[in-house]
Amino acid sequence: MLHIIQNDPDVPPGNLAENLAALGIAFRLHQIYRAEALPNPAEMTALIVLGGAMGANDDERYPFLSPLKQLIRVCLEQGIPYLGICLGGQLLAAASGSPVVPCRWEELGTLQVTLTQKGETDPLFAGISSPFGTFQWHHDSFDLPAEATLLASSPACPHQAFRLGSNAWGLQFHPEVTEQIIRTWAAWDPATACRTEELVTDFQAQQPAYLRTAEHLLKNFLQTAVLLRCSA
């Protein structure tokens, strides 16, 4: 079964849950910020780890991060398909021994990302045109782990997506957001709260293409996990 880790009450699966329901793909959501248990690796066909307001190295403040990073290492060791979104991508880097740097290459809002040459042939991005629209909400950024393949970049943040081995992907951007999620995140800080309508309007202008890309990326991941047939 597909398992999804939610680290933060304000960072839900969003359109991922909607697309999974439409595809008829069952999944189990683990809200570990509520002290729910992590999944048993023996029961995981694939794992998606969502974002969160915390940093990838904030283990003392958020004790669930240490066992989560260990679970990610198990995914790498056992070849369990893994997709990390924003903090989830940073946790993949940290679990692999690569630095996650605070307050570097920050991005907020609807922005374009460009695939690298390797990204254009990577199974996660198959059929996705480059550049493509994304929603960004990050202050920290990951260095690339040893042996990682850089798949996507943006002008402000050169490390937007990477693959580690054949089964694990880390994203800096958010393919799961909805308008309500954007409004929630904007309210976190007065500096962004006053820009809420601007942020929402920019997203709405790109929303149809964004949602198509998000659905396509999810389907590609599900196909790598053999949870979805290629014809779906």
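For clarity, every value in this text was computed on a predicted model and none was experimentally measured.
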Could you give me the CA-CA distance, side-chain angles and deciding distance for S66 and D59, then say whether side-chain hydrogen bond (donor to acceptor under 3.5 Å, both in side chains) is met? CA-CA 6 Å; S66 292; D59 300 54; 2.6 Å; yes
pair P102-H139: side-chain heavy atoms closer than 4.5 Å: no
Find the distance between NE2 (H138) and CZ (R104) and round it off to the nearest 0.5 Å. 10.5 Å
Indicate if L115 and V113 have the same hydrophobic cluster label, given that clusters are the connected sets of ILVMFWY residues with side-chain heavy-atom separations under 4.5 angstrom. yes
Report, as yes or no, whether the 6.0 Å neighbourhood of atom CD on E120 holds more than 12 heavy atoms from other residues, nucleotides or ligands. yes
In plain terms, say whether D189 and R195 are close enough for a salt bridge, that is, a side-chain N and a carboxylate O under 4.0 Å apart. no
Would L76 and L65 show up in the same hydrophobic cluster when neighbours are defined by side-chain heavy atoms closer than 4.5 Å? yes
Evaluate the side-chain proximity of P39 to R28: yes if any heavy-atom separation is below 4.5 Å, no if none is. no
Hey, are D143 and S98 close enough side-chain-wise for a donor-acceptor pair under 3.5 Å? no
Is it the case that one hydrophobic cluster holds both I4 and L23, taking links as side-chain heavy atoms less than 4.5 Å apart, direct or via other members? yes
Nearest heavy-atom approach of A225 to A46 is CB-CB, 3.8 Å
With a 4.5 Å cut-off on side-chain heavy atoms, are T110 and T134 touching? no
Smallest heavy-atom separation, A186 atom then L199 atom, equals CB-CD1, 4.2 Å
Using side-chain heavy atoms (C-beta onward) and a distance below 4.5 Å, is T114 in contact with Q160? no
How long is the gap from NZ on K219 to CG on L20, to the nearest 0.5 Å? 11.5 Å
Is it true that I80 and L83 fall in one hydrophobic cluster, defined by side-chain heavy atoms closer than 4.5 Å? no
Scan side-chain atoms only and decide if S154 and E107 contain a donor-acceptor pair under the 3.5 Å cut-off. yes
Please tell me if the side chains of F221 and I48 come closer than 4.5 Å, counting only heavy atoms from C-beta onward. yes
Group every Ile, Leu, Val, Met, Phe, Trp and Tyr by side-chain heavy-atom contacts under 4.5 Å, then state whether F125 and F162 land in the same group. no
With D122, which residues qualify under side chain to side chain donor-acceptor pair (under 3.5 Å), at least two apart? R163, W169
After noting the C-alpha distance and the side-chain angles of W188 and D10, does the key distance pass the side-chain hydrogen bond (donor to acceptor under 3.5 Å, both in side chains) rule? CA-CA 10 Å; W188 285 348; D10 287 342; 3.0 Å; yes
Taking the side chain from R73 and the backbone from A95, do they hold a donor-acceptor pair closer than 3.5 Å? yes
May I ask you to check whether F173 and F132 place their ring centres under 6.0 Å from each other? yes
Determine whether a donor-acceptor pair (N or O, by modelled atom type, separation under 3.5 Å) exists between the side chain of H30 and the backbone of H3. no
S96 side chain vs P145 backbone, donor-acceptor pair below 3.5 Å: no
Measuring from atom OH of Y62 to atom CG of L87, what distance do you get when rounded to the nearest 0.5 angstrom? 10.5 Å
Output the distance between atom SG (C75) and atom CD (Q70), rounded to the nearest 0.5 Å. 10.5 Å
Closest approach of H216 and G127, non-hydrogen atoms and distance? CE1-O, 3.7 Å
Assign the ring pair W185 / W137 to parallel, tilted or perpendicular, where the plane angle (0 to 90°) is split at 30° and 60°. tilted
Might you point out which heavy atoms bring V177 and N15 nearest each other, and give the distance in Å? O-ND2, 3.2 Å
Results of side-chain contact (heavy atoms from CB on, under 4.5 Å) for Q6 - residues two or more places apart only: P12, P13, L29, Q31, Y33, L50
Does some side-chain heavy atom of I85 sit less than 4.5 Å from a side-chain heavy atom of L16? yes
Between F64 and N7, the two heavy atoms sitting closest are CZ-O, 3.6 Å
Would V49 and L92 count as a side-chain contact (heavy atoms from CB on, under 4.5 Å) here? Give the steps. CA-CA 9 Å; V49 176; L92 174 60; over 6 Å; no
From CA spacing to verdict: side-chain contact (heavy atoms from CB on, under 4.5 Å), L144, L150: CA-CA 7 Å; L144 294 182; L150 179 65; 3.8 Å; yes
Any side-chain heavy atom of L108 within less than 4.5 Å of one from T192? yes
Under 3.5 Å: donor-acceptor pair, side chain of N220, backbone of L124: yes
Between Q136 and E106, is there a side-chain donor-acceptor contact under 3.5 Å, judged purely by atom types and distance? no
Where is the tightest heavy-atom contact between K69 and A94, given as atom of each residue plus distance? CD-CB, 4.0 Å
Classify the angle between the aromatic ring planes of H159 and F142 as parallel (below 30°), tilted (30 to 60°) or perpendicular (above 60°). parallel
Pairwise distance CD(E197) to CG(D202) - rounded to 0.5 angstrom: 11.0 Å
Are the side chains of N167 and T224 in contact, using a 4.5 Å heavy-atom criterion? no
What distance separates I181 CD1 from T178 OG1, expressed to the nearest 0.5 Å? 3.5 Å
